[in-house]
Amino acid sequence: MTDEHLDLNPYYQVDSYSKFIKTEGVPIVEAYSVDCLTLPLEPWPRLGGTGAYVHLAGRGDACSCYVAEIPAGGQLKPEQHFHDELIHVVAGRGATSIELPTGEKHTFEWGPGSLFGIPMNAPHQHFNGSGGEPARFAAVTNLAILLNIFHNVDFIYDNPFAFRDRATESRYYRGEGEFRAVKPGRHQWETNFVPDLTSFALPEWKERGAGGRNVQFTLADSTMHAHISEFGVGTYKKAHRHDAGAHIFCVTGHGYSLLWKDGEDPVDTVRVDWKPGTIYAPPDGPTFHQHFNTSPVNSRYPAILFGGARYFISKTRREGYEKMDLSVKEGGNQIEYEDEDRRILTLFESEIAKRGIQSRMGEFVGAR
Ligand SMILES: [Fe+2]
């Protein structure tokens, strides 16, 4: 059965989210990965500016992404919506104003590498701060699941309900926040705005390997979740797997990721080369994925998804979280270095040798 057949039958498997976005007048790009910096965009009547929906192969059922551009010297239209939204700026400089149910209005300035959350149903507007350059951001939202649950567009975009409990502290809009200690790989930074992901101080997460660092972000008290990981020059992280939906970006360095399902060849199934601006998402299956830094600087990648460290979404997601750095041999979701396919290290060392970078993996993988 084709999707066209589903579209023709109004009584069977109605996908309210897909139906709605087809009315928006912007491209719907289906891809394994895209470059947000060069993605072709079209005028967006509802939002102003230009944009495109991005449906990655691994977007899952709960969330999706769109890329929007604010023209030089311009702004997008004011809006509010009954879905969560986390925004990562990929190019340009500007500002966003957000009005809270308390009547407080916050305006903060952002640039490439910024990350922020829009509190549920809070009126907001985005402005370009430059008269000469456009500004681009990628937004990951849970519109897909919410519109499919309520199947009413006005409920999402014309809903007066005010979430008074989500009017978080003023300082959270100035880039300040609160560290919520849990355990490595689950520590949280609670805020609404991270001005610069490229320099944000990160705690260690040695369990994921190669001296890596990580923090989980709770933004705008949202059920959408973000985290960021960093790993050093000449290193790669351990492979792991989880449900679809994690939209992975890059903010510093460059490299590649290998993706494969159980039984597939780790080094010859899917490879995504990434740099700042790239976005991709490991599909359901779930898909093992492993990230390799081939650049002469530390590499950092944020990921945005539905459900995460703060709020319970499903038993599967909770178990995945608890077991994300536990070996598959112990029922977890991580492949330890000593258990990985030997060709993974060989490929990595040949890739970085081409770029004149020394491998540091000897100190992590041990004797083989
Ligand atoms: Fe992952």
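Hydrogens, waters and symmetry mates are skipped; everything else that's a heavy atom, side chains included, is used. In listed order, ligands and their atoms are each counted from 1.
In terms of the ring pair (Phe, Tyr, Trp, His ring centres under 6.0 Å) criterion, residue partners of Trp260 (sequence neighbours excluded) are, by chain and number, Phe288. Not counting sequence neighbours, Tyr311 has no partner by the ring pair (Phe, Tyr, Trp, His ring centres under 6.0 Å) test.
Note on Arg271 versus Glu351: salt bridge recorded, some NZ/NE/NH1/NH2 to OD/OE distance being below 4.0 Å.
Listed by chain and number, the hydrophobic cluster partners of Val90 are Leu37, where partners are ILVMFWY side chains within reach of under 4.5 Å, directly or through others.
Stacking of Arg318 on the aromatic ring of Tyr321 is not recorded, the 6.0 Å distance cut-off and the 45° axial limit not both being met.
No path of Ile, Leu, Val, Met, Phe, Trp and Tyr side chains, each step under 4.5 Å between heavy atoms, connects Tyr53 with Leu305, placing them in separate hydrophobic clusters.
Under 2.8 Å from the Fe ion (ligand 1), one finds the following protein N/O/S atoms: His240 NE2, His242 NE2, His289 NE2.
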